[in-house]
There are 2 protein chains.
Amino acid sequence: MTADGAASPGLTREALAQAALRVLERDGLAGLSMRKVAAEVGVKAASLYWHVRNKEELLDLLNDALMADAVAPPRTGHWRTQFREYCLLHRRLLLDKRDAAKVVAGRLAPGPHLIALMEDQLDRLREAGFSDADAAMAAYLLAAYVQGFVLQEQSPIAAAEAAGSSRREVVDAVADRFRALPRDTYPNLVALADDLTDPDMEARFEFGLQRILDGLAALLPPDRR
Amino acid sequence: MTADGAASPGLTREALAQAALRVLERDGLAGLSMRKVAAEVGVKAASLYWHVRNKEELLDLLNDALMADAVAPPRTGHWRTQFREYCLLHRRLLLDKRDAAKVVAGRLAPGPHLIALMEDQLDRLREAGFSDADAAMAAYLLAAYVQGFVLQEQSPIAAAEAAGSSRREVVDAVADRFRALPRDTYPNLVALADDLTDPDMEARFEFGLQRILDGLAALLPPDRR
DNA sequence: CCATTGCCCCTAACGGTGTTAGGGGCTCAC
DNA sequence: GTGAGCCCCTAACACCGTTAGGGGCAATGG
């Protein structure tokens, strides 16, 4: 009655997740409240607790919904290009939805979609020749890097949205702060201010990614690198 | 008058940061409120806004206070061992204070302590032979990895503290969930459940660290690796 | 000596939060 | 028809960040 009222048959946990996704996109993670999600599905806040134990569980649903659009790259070519593509896609996924990295960050309990992704990654790593232990560690390493990177990458975006400015303005302000430091005690920060705040995040992501893939390749016998 | 009342001369921003640090240690980030920090310094909540624009600014102070204990490793030996030590120390720092990774995560505006650390790291990277652009990227990469790693590492700890259980119990529960998956559709997860949930996080951190350092070393001319 | 200024804290309140208790219809199965 | 269950409601609790406005108290300047 309140919203578009697509809930004729009844409320699903899936519908809740979709509503939470819309609220997240509109108001960000800080603005995502039980009351707003309830309103989004045309219901009062207390009713959510019939479908969900608490907000934490709703965030688990949201977390999985974020991963629903994840796709695996084609399973062709070198393992390196496959995993490069994997990480680029994962970053893009987290980056495209507002505050997605913050939602995912530090969340225990991977949802079904993430579990499927992990399974696929482990399979490819083992096929590439990594030992069981190395495959597990490599998957963890790549996930930690992508999450950590996007989390830092997304924070100027969030700050820019909070203030009225653009992301570029926020980054430039940081660069100016570096440049304004006393040159005699912080010579490197002053000199590298431009490099440190290079707005081409895609390139910076790729840099780290290539270093990690290089490091992983060194674990394989030379003929499988 | 309420607390230990060490505030005879007057309230400092530094004192606020220390109080926030104590509240964080006691109640975690979710339990850190303006009212509690105020009570910790023997004052009412509204009074904080004389010293601080809003909670966000208090968190910036807290962020810098967390970095106050950071120490730089000795500047001797190979750059690789220096940066290995750097990252181990940084992880230890984040891991030792409750929810430290969550406080630091995605925070724009590095505080003075972090700025000093970045300066030192950039200096060592350039001395090791990295180009300006590579040094900036390498520093960013290492920071993203450590933060991302500790963020994931700390989440079972937080979950264990929220429930009454130990960290080991939480991790074991995750391992059981992996093992309980249908073996025909998730063969790798089932087979690698133990590897994926290996509780030796120190070793897992070191694994990723060595891969990254390997990758970075490949950027240097062979005689400087 | 008085007045003014600026610092620092207070009380009170606003609108919002997550969550629980308890109740009431509505639809099935028996 | 009647009970059981599902699903939503209202009302309330304790807490949150933040603001408005006021009061005391020290130092400063006339």
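Since we're looking at a predicted model, the values are computed, not measured.
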**Q** Using C1' atoms of five pairs at each end, report the bend of the helix from dC1(C)-dG30(D) to dC30(C)-dG1(D) rounded to 10 degrees.
**A**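 The value is 20°.
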**Q** For Val174(A), what residues pass the side chain to side chain contact (heavy atoms under 4.5 Å, CB included) criterion, not counting sequence neighbours?
**A** Phe178(A), Thr197(A), Leu108(B)
**Q** Give the residues of residues 25-33 of chain A touching DNA chain C, defined as any heavy atom closer than 4.0 Å, sorted by residue number.
**A**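 Within this stretch, Leu32(A), Ser33(A) sit under 4.0 Å of the strand.
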**Q** With the side chain of Val43(B) defined as its heavy atoms from C-beta on, choose the nearest nucleotide among dC7(D), dC10(C), dC8(D).
**A**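 The listed nucleotide nearest to Val43(B)'s side chain is dC10(C).
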**Q** Determine yes or no for a side-chain-to-main-chain donor-acceptor pair under 3.5 angstrom, with Glu119(A) supplying the side chain and Leu189(B) the backbone.
**A**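 Here the side-chain-to-backbone pair exists.
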**Q** Of Arg35(A) and Lys44(A), whose nearest nucleotide on DNA chain D comes first from the 5' end?
**A** Lys44(A)
**Q** Within this structure, what is the NZ-to-C1' distance between Lys55(B) and dC15(D), rounded to whole angstrom?
**A**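 Rounding to the nearest Å, NZ of Lys55(B) and C1' of dC15(D) are 12 Å apart.
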**Q** Could you walk me through whether Phe205(A) and Tyr145(A) pass the ring-ring contact (aromatic ring centres under 6.0 Å, His included) check?
**A** CA-CA 9 Å; Phe205(A) 182 74; Tyr145(A) 172 63; 5.4 Å; yes
**Q** Do Arg204(A) side-chain atoms and Asp200(A) backbone N/O form a donor-acceptor pair below 3.5 Å?
**A**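 No: the side chain of Arg204(A) does not pair with the backbone of Asp200(A).
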**Q** So, are Glu56(B) and Arg107(B) salt-bridged, with charged N and O less than 4.0 Å apart?
**A** yes
**Q** Whole angstrom is fine here: how far is it from CG in Leu11(B) over to C1' in dC7(C)?
**A**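 Taking CG of Leu11(B) and C1' of dC7(C), I get 13 Å after rounding.
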**Q** Please determine which of Val104(B), Leu66(B), Val103(B) meets the side chain to side chain contact (heavy atoms under 4.5 Å, CB included) test together with Leu94(B).
**A** Val104(B)
